[in-house]
Amino acid sequence: MKAPQLPQKGNLFVQALQGKLSFDELSAQQDANTPLGPLHTGRYFVLFDEKEADFKNFKNLLHEKVGMQTASLGDFKAESFNQSKIQSADALIYDNYRIALIGGEKEQMALVKNLNFKGRLVPEKIVSIPEDRPSLLPYDIAQKFTWGIESIQALASQYEGKGVKIAVLDTGIDAAHPHFKNRTIISQSFVPGESPQDGQGHGTHCIGTAGGGKNDKGVRYGVASESELYSFKVLSNRGCGAQSWILEGLEAADQQEVDVVSLSLGSDVSVGEAYDPIYERAFNRIKAIAVVAAGNESRRSRGLISPVGSPANCPSVLAIGAIDIHMKIAEFSCGSINENQSVALSAPGVNVYSSWPTALGDGSGTKTISGTSMATPHVAGVVAQYIEAYPEASKEEIKKKLLQSAKKLSLPKSDMGAGLVQSPV
């Protein structure tokens with residue numbers, strides 16, 4: 001189908017993604033009163049009411065009235081899927097979500113808007129890695145564990161996520177990384193033209209924190225080291241992608257009966273902007289608990305606290321903020337929009353040491369970086385520990401236990417949520 005317009009030339013944020021503009025320069029040019037807001041691919045979703053019978057006939061309407069060729073995601077359940085396999089299609093039907101993605105030309109879109117249906121047109125977002133902050137100094141690990149592992153009480157826990165499935169939706173994984181040599185990791189790419197191999201580094205780092213183990217010197221940096229890991233590549237090697245790739249990753253996670261999904265990605269939102277109904281529909285349909293990075297757009301030292309990004313601002317997910325080793329909110333960590341779309345929990349997100357593709361960086365296979373992206377997989381690992389500890393508990397019961405057990409900090413609730421996530425003991 002029609003490829004997403006990715007990236008858009010001239011946009012400051014995309015320039016930063018391409019390395020043409022530093023994020024500090026981007027921040028300096030951004031007016032605190034006029035956030036960038038979301039970027040769009042040029043394609044549209046059609047969202048139908050949960051009980052709207054017209055959805056069943058929508059494929060026929062597109063074909064008969066508009067002349068569109070359609071494909072259904074459900075037709076690919078038995079095989080690996082990404083949108084390169086449906087290049088001749090104008091629309092992709094997400095049967096499980098009651099959503100359609102329209103990638104037709106302008107003339108076709110005009111006809112779609114005139115069709116007699118009750119669906120809602122929603123622009124498809126460009127999704128990216130949050131603006132992770134490189135650590136100014138290498139993190140010196142003097143002990144046999146990272147400060148993050150210690151602060152969330154993972155060392156005191158008897159649980160390491162055994163038998164629990166964690167899916168990380170990100171830039172993929174370094175399949176040959178020596179720290180994962182004894183682990184079976186299911187990987188799949190939803191990025192057209194790219195393999196599941198991580199060519200950016202972000203995904204490998206997040207997977208290492210959520211479910212990795214130890215480095216070659218025995219230093220533990222992974223939370224749920226006995227979990228079953230799934231790497232779904234939904235962002236390109238440049239660290240950006242289309243919103244539909246996220247939906248396809250979530251669908252794959254559901255087919256694999258994954259227990260927790262970790263998403264360290266998102267889009268900016270403007271102050272007062274509502275959550276994205278497309279994401280919310282998908283998160284409501286999957287069985288897994290979803291943890292999502294709140295975003296790194298704040299500049300607290302300058303008085304700028306940006307709202308929680310998308311999809312972290314969806315009511316059905318746990319939005320994760322970042323704290324540092326001194327138990328202070330991170331300079332970049334986004335804050336709550338309102339009580340219904342708020343930071344749920346905080347986790348270690350500054351100077352976080354984890355795995356990194358051996359072909360990238362200094363070749364050591366590890367890297368220390370900062371961001372709510374790094375906080376989020378800490379929580380994903382703890383979720384896996386709780387599921388192992390309480391295998392009969394429901395999704396909502398696990399969430400309740402997470403929130404009730406969180407360590408209260410001397411921080412506003414709008415920044416820390418329920419507090420610092422804590423492993424079950």
Side-chain angles (χ1 to χ4, degrees), residues 147-166 209-211 222-227 258-264 275 280 283-284 286-294 308 311-330 333-349 372 374-425:
W147 79 266
I149 290 293
E150 181 180 28
S151 69
I152 65 172
Q153 298 297 310
L155 297 171
S157 179
Q158 60 181 305
Y159 306 104
E160 293 189 26
K162 187 174 183 179
V164 180
K165 297 179 179 180
I166 301 176
T209 298
V223 180
S225 59
E226 294 188 20
S227 59
V258 163
D259 300 295
V260 53
V261 291
S262 181
L263 298 91
S264 293
Y275 63 84
E280 181 64 10
F283 286 124
N284 269 318
I286 65 173
K287 306 177 189 69
I289 294 173
V291 295
V292 188
V308 172
N313 61 352
C314 287
S316 60
V317 309
L318 296 174
I320 312 302
I323 61 164
D324 63 22
I325 196 170
H326 304 294
M327 301 296 112
K328 301 296 183 183
I329 194 70
S333 191
C334 289
S336 297
I337 297 177
N338 56 51
E339 63 180 11
N340 294 320
Q341 296 167 249
S342 61
V343 173
L345 289 162
S346 51
T372 54
M374 287 62 254
T376 300
H378 278 95
V379 178
V382 173
V383 171
Q385 291 176 316
Y386 269 97
I387 292 173
E388 180 191 3
Y390 302 96
E392 302 302 320
S394 68
K395 181 176 176 178
E396 292 308 314
E397 288 170 340
I398 293 293
K399 286 185 179 181
K400 186 175 181 181
K401 290 179 185 295
L402 279 169
L403 299 175
Q404 289 179 339
S405 65
K407 181 180 180 180
K408 303 300 183 288
L409 304 173
S410 298
L411 295 169
K413 186 176 180 181
S414 59
D415 291 333
M416 72 169 183
L420 173 62
V421 70
Q422 298 288 281
S423 297
V425 294

Which residues satisfy the side chain to side chain donor-acceptor pair (under 3.5 Å) test with [X], sequence neighbours excluded?
{"X": "S264", "answer": "none"}
{"X": "S151", "answer": "none"}
{"X": "S225", "answer": "E160"}

Only one of I398, I387, V383 passes side-chain contact (heavy atoms from CB on, under 4.5 Å) with D259, and that residue is I387
Checking V379, L403, V291 against V421 for side-chain contact (heavy atoms from CB on, under 4.5 Å), the one that qualifies is V379
As an exercise, state the distance from [atom1] of [X] to [atom2] of [Y], rounded to the nearest 0.5 Å.
{"X": "M327", "Y": "M416", "atom1": "CE", "atom2": "CE", "value": "12.5 Å"}
{"X": "I289", "Y": "S262", "atom1": "CD1", "atom2": "OG", "value": "12.5 Å"}
{"X": "F283", "Y": "L318", "atom1": "CZ", "atom2": "CG", "value": "10.5 Å"}
{"X": "I329", "Y": "C334", "atom1": "CD1", "atom2": "SG", "value": "10.0 Å"}
{"X": "I149", "Y": "H378", "atom1": "CD1", "atom2": "NE2", "value": "5.0 Å"}

Taking the side chain as C-beta and beyond, is there a heavy-atom pair between T376 and L263 under 4.5 Å?
no
The salt bridge (charged side-chain N to carboxylate O under 4.0 Å, His left out) partners of E396 (sequence neighbours excluded) come to K399
Residues passing the salt bridge (charged side-chain N to carboxylate O under 4.0 Å, His left out) test with K395, sequence neighbours excluded, are none
For the residue pair [X] and [Y], what are the closest heavy atoms and their distance?
{"X": "V258", "Y": "A288", "result": "O-CB, 3.3 Å"}
{"X": "A418", "Y": "L345", "result": "CB-CD2, 4.0 Å"}
{"X": "A347", "Y": "L420", "result": "CA-CD1, 3.8 Å"}
{"X": "A384", "Y": "V164", "result": "O-CG2, 3.5 Å"}
{"X": "A380", "Y": "I166", "result": "O-CD1, 4.1 Å"}
{"X": "P311", "Y": "V292", "result": "CG-CG1, 4.0 Å"}

For this session: Would you check, one step at a time, whether the test side chain to side chain contact (heavy atoms under 4.5 Å, CB included) holds for T209 with M374?
Result: CA-CA 7 Å; T209 298; M374 287 62 254; 5.7 Å; no
Residues 409-425 vs side chain to side chain donor-acceptor pair (under 3.5 Å), sequence neighbours excluded, gives R300-D415, Q385-S423
State which residues pass side-chain contact (heavy atoms from CB on, under 4.5 Å) with [X]; sequence neighbours excluded, sorted by chain then number.
{"X": "K162", "answer": "E226, E388"}
{"X": "A322", "answer": "A330, F332, S333, T372, A375"}
{"X": "K401", "answer": "Y386, Y390"}
{"X": "Q158", "answer": "none"}

Counting distance only, does the side-chain N/O of S346 pair as donor-acceptor with the main-chain N or O of G419 below 3.5 Å? yes
